[in-house]
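In what follows, a structure is listed as structure tokens, so that the remarks can point back to it.
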2 protein chains.
Amino acid sequence: MRRKNLDLATLELVANTFKILAVPVRLLILQQLQNGEKSVSQLCGDIATSQPNISKHLKILYGASLVDKRQVGNSVYYEITDPLVHKLCDLVCSGIQKQLNRKIRVFSTLSKSQPKKSKTGRRVS
Amino acid sequence: MRRKNLDLATLELVANTFKILAVPVRLLILQQLQNGEKSVSQLCGDIATSQPNISKHLKILYGASLVDKRQVGNSVYYEITDPLVHKLCDLVCSGIQKQLNRKIRVFSTLSKSQPKKSKTGRRVS
DNA sequence: TAACTATATAACCATACTATTATATAATGG
DNA sequence: CCATTATATAATAGTATGGTTATATAGTTA
């Protein structure tokens, strides 16, 4: 599959999207929003950090068009704009999973070849 | 589609992967490697930054298992470990594309409704 | 072994970014 | 109009990170 080379400006946009997703608290927020909108105070109930911190990160997510917002009375409800976010996280997760599996495979190979067994087949400490 | 909530530790892993991809130079490197391995000096020829900088970023990519390396004589060849990287970039690009399209649509709607035309149908400055 | 090439590391600076605390703004209810 | 609730902003401090320059390491060749 041939892929076009992106110019620096475009890569900077891409990098910027990744940067937005590179902060655990923001992923927590997006995770909380994955099944529908939530208000700031609801998010504060779910995530262990200060309210100003949550508001700040929401602002960043909003600035990147990753979430929309809508005000109802006193409250502001945020929701995810584009399911892209979850696709990205899923992909990364699957990548991490693969890496883990590789490590587990290596480890189990090592532990199969190394351990000395007694004649009964039981492991020996 | 129901999705499991990831614990903080896992989200930190995910965030970390995103962080690695959040730097334009690193994306440039990965882009250069998308059609096969290249040595550090080849990368230096393609990317406008210092050799130590490239080596440093390669080390980071290697540490994250995003690239493998192999030494041949004096040179070290790096290659991409997992096509995941490009899938991620493609997704982000498509997201950016969608945003752009949205903006273009809005813009063209505005410019259709606003401009005053002269009786000849030409635009008026 | 000396000179040369390729890559990696170290030290440094400048910048950017996150989390906290305190405060401001805005909507609601009495 | 005041008190309360919900959200946003400002200021600060601490940390992390990218890029540069200089230097070290290691392989190659004469």
Side-chain angles (χ1 to χ4, degrees), chain A residues 8-9 11-33 36-80, chain B residues 8-9 11-33 36-80:
Chain A
L8 188 59
L11 283 183
E12 274 168 1
L13 284 179
V14 176
N16 207 53
T17 302
F18 283 133
K19 194 186 290 182
I20 304 251
L21 298 173
V23 177
V25 185
R26 291 204 276 268
L27 294 181
L28 275 173
I29 291 176
L30 292 170
Q31 184 168 250
Q32 289 302 324
L33 297 180
E37 65 177 12
K38 282 195 178 182
S39 69
V40 178
S41 51
Q42 284 178 300
L43 290 172
C44 287
D46 295 328
I47 300 173
T49 186
S50 65
Q51 173 271 315
N53 201 30
I54 293 205
S55 281
K56 191 163 73 173
H57 287 297
L58 283 170
K59 183 173 188 174
I60 291 170
L61 291 169
Y62 183 75
S65 300
L66 293 179
V67 300
D68 273 340
K69 62 177 170 180
R70 135 186 118 87
Q71 180 154 1
V72 177
N74 232 355
S75 302
V76 180
Y77 288 84
Y78 285 86
E79 71 176 350
I80 288 179
Chain B
L8 188 58
L11 282 183
E12 274 166 3
L13 283 179
V14 176
N16 207 54
T17 302
F18 283 132
K19 193 184 291 181
I20 305 254
L21 298 173
V23 177
V25 185
R26 291 204 276 267
L27 294 181
L28 276 173
I29 291 176
L30 292 170
Q31 184 169 250
Q32 289 302 324
L33 297 181
E37 65 177 12
K38 282 195 179 183
S39 69
V40 177
S41 52
Q42 284 179 300
L43 290 172
C44 286
D46 296 328
I47 299 172
T49 187
S50 65
Q51 173 269 315
N53 201 29
I54 294 205
S55 281
K56 191 160 75 169
H57 288 297
L58 282 171
K59 183 174 188 173
I60 291 170
L61 293 169
Y62 183 74
S65 300
L66 293 179
V67 299
D68 273 339
K69 63 178 170 180
R70 137 187 116 87
Q71 180 154 0
V72 177
N74 232 354
S75 304
V76 180
Y77 289 84
Y78 285 85
E79 71 176 350
I80 288 180

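Numbered from 1 within each chain, the chains take letters A, B, ... in sequence-line order.
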Query raised in the report: Taking only residues two or more places apart in sequence, or in another chain, which ones meet Q51(B) in a side-chain hydrogen bond (donor to acceptor under 3.5 Å, both in side chains)?
Result: S55(B)
For residues 61-74 of chain B, tabulate all N or O donor-acceptor pairs below 3.5 Å that involve a side-chain atom, not counting sequence neighbours.
from, atom 1, to, atom 2, distance (Å)
R70(B), NE, E37(B), OE1, 3.1
R70(B), NH2, E37(B), OE2, 2.5
Q71(B), NE2, G73(B), O, 3.2

Report summary line: Minimal heavy-atom distance between L21(B) and F18(A), with the atoms involved, is O-CD1, 3.2 Å
Query raised in the report: Between dT20(D) and T49(B), is there an OP1 or OP2 to side-chain N/O distance shorter than 4.0 Å?
Result: yes
Requested in this report: May I have the distance from N53(B) (atom CG) to dA10(C) (atom C1'), rounded to whole angstrom?
Outcome: 14 Å
Query raised in the report: Would you call D46(B) and L28(B) a side-chain contact if the rule is heavy atoms closer than 4.5 Å?
Result: no
Query raised in the report: How close or far is atom P of dA16(C) from atom NZ of K56(A), stated in whole angstroms?
Result: 15 Å
Query raised in the report: At under 4.0 Å, does any side-chain N or O of K19(B) touch on OP1 or OP2 of dT17(D)?
Result: yes
Taking only nitrogen or oxygen atoms into account, show me every contact under 3.5 Å that the protein makes with nucleotides 5-8 of chain D, one pair per line with its distance.
from, atom 1, to, atom 2, distance (Å)
dT5(D), O2, N74(A), ND2, 2.8
dA6(D), O4', N74(A), ND2, 3.4
dT7(D), OP1, V40(A), N, 3.4
dT7(D), OP1, V76(A), N, 3.0
dT7(D), OP2, S41(A), N, 2.7
dT7(D), OP2, S41(A), OG, 3.0
dA8(D), OP1, Y78(A), OH, 2.7
dA8(D), OP2, S55(A), OG, 2.9
dA8(D), N7, Q51(A), NE2, 2.8
dA8(D), N6, Q51(A), OE1, 3.3

Report task. Report the distance from atom OH of Y62(B) to atom P of dT9(C), rounded to the nearest whole Å. Result -> 11 Å
Report task. Using whole Å, report how far CD of E37(B) lies from P of dT7(C). Result -> 12 Å
Report task. Output the single nucleotide from dT17(D), dT20(D), dA19(C) whose closest atom is nearest the side chain of H57(A). Result -> dA19(C)
Report summary line: Looking only at heavy atoms, the pair that brings P24(A) and E12(B) closest together is CG-CG, 3.7 Å
Query - Interatomic distance where CD1 belongs to I29(A) and C1' belongs to dA19(C) [whole Å] - result: 13 Å
Query raised in the report: Separation of N16(B) atom CG from dC17(C) atom P, in whole Å?
Result: 17 Å
Query raised in the report: With no hydrogens and no angle check, is any side-chain donor or acceptor of R26(A) less than 3.5 Å from a backbone partner on I20(A)?
Result: yes
